[in-house]
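Working notes for the structure below.
Reminder, nothing fancy here: chain letters follow the sequence lines and each chain counts from 1.
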Number of protein chains: 2
Amino acid sequence: MPEAPSKRSARDAEKADIDRIIEAVVYLYTEARRVTKEVARERGLTGPQISAIKILESFGDISLSELSDRMSARNSTITGLVDRMERNGLVERIRSAEDRRVTLIRLTPEGARIAREIPVDSMQILGAALDSLSRRDRHELRRILVSLTAAVEEEVRRRGHAPERARQPETP
Amino acid sequence: MPEAPSKRSARDAEKADIDRIIEAVVYLYTEARRVTKEVARERGLTGPQISAIKILESFGDISLSELSDRMSARNSTITGLVDRMERNGLVERIRSAEDRRVTLIRLTPEGARIAREIPVDSMQILGAALDSLSRRDRHELRRILVSLTAAVEEEVRRRGHAPERARQPETP
DNA sequence: TCCATTTATTTAGCATACTAAACAAATGCC
DNA sequence: GGCATTTGTTTAGTATGCTAAATAAATGGA
């Protein structure tokens, strides 16, 4: 980023900050995801499957919709994921008695065993690196990111570009 | 058993910071990607196709391998992407004269036209939200994220989990 | 009660992504 | 020169991810 020595330099510096932040977020996400995938692979699983297993371990039997929400994915995506996990003997589907539209997803003993073996935090690399920050920086980072997240959420709401998971119905 | 505000609780607080930071990074990345996809969709394209078009606009005719590197993806992935773009009349493949193993990817006039219409920065939402931070916070965020990125890079190197390819992650 | 609407899940079809393996062309080393 | 190795691309197969449409069950209102 070239910095002009004029009035524009202030704005350029801000633009540079923004570009660098975006680049960092993309890098951190990509790298963390890649490592998660490797951890998963050692056990013959995939990244999303590990996520699902850990969520099911924490929350017990939950509906497919709740699993979708917790994984930030659409129901149709999770249907496929659960299909593959079921095929591999990690989970089973159970019809809910209270609401027969609902499918509950449950870990099999094998799935539960694997869940226990897997470290809680699968984003290991990011976690380890975060440990290397000073406590103050880490806290500061959290504060700023949380406010940034709120700003993005607000922006998303304002634009009506919502993932419609939470609220907005679609435009037919 | 919260009687001891001992080392335990300090560590718990740090763990909470870390979890929240990871959550924020994942959220920010996911949301930015979703918005990019919507921008693309308005023109009948997809996120990665927009990336490819903008890269080709900037760098001219480049080989499939170079395009793969710049998009942080594998050759086989880009083969498929180029196939679809070629089918849609956005690019064409040209056999290199110097090295006949090489395929050069070139924008068609139609592809070049679309490239000109598309704004450079596709991570709009993130950029807009970053604007809402105070200058001081934005600068602080940059400083911490840059040092965090360096820590992750170091960790990756140390583990030998390197992607063994180009480093720059790319925005879809 | 009966029917329109809403909610939960699945199906179908596409676009990305990756790894592994197959091929083809260029290079290197004897 | 001749063959092993490297480099560039494609093919095959699997896993994610999304939207749109199809189903099925629950709910609400006239």
Side-chain angles (χ1 to χ4, degrees), chain A residues 29-30 33-38 40-41 44-52 62-69 71-88 90 93-105 161-172, chain B residues 26 29-31 33-38 40-42 44-52 62-69 71-88 90 93-105 163-165 169-172:
Chain A
Y29 176 85
T30 304
R33 188 144 156 272
R34 212 175 49 71
V35 172
T36 300
K37 200 170 153 188
E38 276 171 28
R41 202 174 179 189
L45 302 182
T46 62
Q49 288 179 15
I50 287 217
S51 295
I62 55 178
S63 70
L64 186 137
S65 291
E66 187 176 346
L67 184 55
S68 306
D69 280 348
M71 294 190 65
S72 290
R74 298 300 155 100
N75 285 351
S76 56
T77 300
I78 302 304
T79 291
L81 183 68
V82 170
D83 285 349
R84 290 182 293 274
M85 292 176 76
E86 199 172 25
R87 199 202 305 145
N88 293 331
L90 300 170
R93 281 180 163 92
I94 295 173
R95 220 58 207 188
S96 164
E98 293 100 54
D99 185 337
R100 290 188 315 174
R101 292 170 304 179
V102 173
T103 305
L104 296 174
I105 316 298
H161 272 161
E164 95 206 16
R165 167 185 324 309
R167 58 236 140 276
Q168 293 295 1
E170 82 299 9
T171 322
Chain B
V26 170
Y29 177 86
T30 304
E31 203 50 56
R33 189 140 156 273
R34 213 190 289 274
V35 172
T36 301
K37 200 172 154 189
E38 277 172 27
R41 200 176 179 189
E42 287 162 13
L45 303 183
T46 62
Q49 289 179 16
I50 287 215
S51 292
I62 54 178
S63 70
L64 186 139
S65 291
E66 187 176 344
L67 184 55
S68 305
D69 279 349
M71 294 190 66
S72 287
R74 298 298 153 99
N75 284 352
S76 55
T77 300
I78 303 304
T79 291
L81 183 68
V82 170
D83 285 349
R84 290 182 294 274
M85 292 176 75
E86 198 171 26
R87 199 200 305 145
N88 294 330
L90 300 170
R93 281 178 164 91
I94 296 174
R95 221 58 208 187
S96 164
E98 293 100 54
D99 185 337
R100 289 187 316 172
R101 291 169 304 180
V102 173
T103 305
L104 295 174
I105 316 298
E164 92 210 8
R165 267 177 342 85
E170 180 77 19
T171 319

Given protein heavy atoms under 4.0 Å, the one-letter contact record of nucleotides 5-13 of chain D, with B base, S sugar-phosphate only and - none, is simply --BSBBB--

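For D/dA24, neither phosphate oxygen OP1 nor OP2 lies less than 4.0 angstrom from any side-chain nitrogen or oxygen of A/R100. Residue A/R74 places none of its side-chain N or O atoms closer than 4.0 Å to OP1 or OP2 of D/dA20. Residue A/R41 places no side-chain N or O under 4.0 Å from the OP1 or OP2 atom of C/dC18.
With sequence neighbours left out, A/R93 forms a side chain to side chain donor-acceptor pair (under 3.5 Å) with A/D83, A/E86. Taking the side chain to side chain donor-acceptor pair (under 3.5 Å) definition, one finds that B/R87 meets it with nothing, sequence neighbours left out. Legend: residues meeting side chain to side chain donor-acceptor pair (under 3.5 Å) with B/N88, ordered by chain and number and at least two apart, are absent. Evaluation of the side chain to side chain contact (heavy atoms under 4.5 Å, CB included) rule for B/S76 yields B/R74 as partners, not counting sequence neighbours.
Here the P atom of nucleotide C/dT9 and the CG atom of A/L81 are 14 Å apart, to the nearest Å. For A/L45 and D/dT16, the CG to P distance is 9 Å, given to the nearest whole Å. Remark: P of C/dT10 and CG of A/L67 are 11 Å apart, rounded to the nearest angstrom. Distance, A/M85 CE to D/dT14 P: 19 Å, rounded to whole Å.
When all heavy atoms of B/S68 and B/I78 are compared, the closest pair comes out as OG-CG1, 3.3 Å.
A 4.5 Å side-chain heavy-atom check between B/V82 and B/L67 finds at least one atom pair inside the cut-off.
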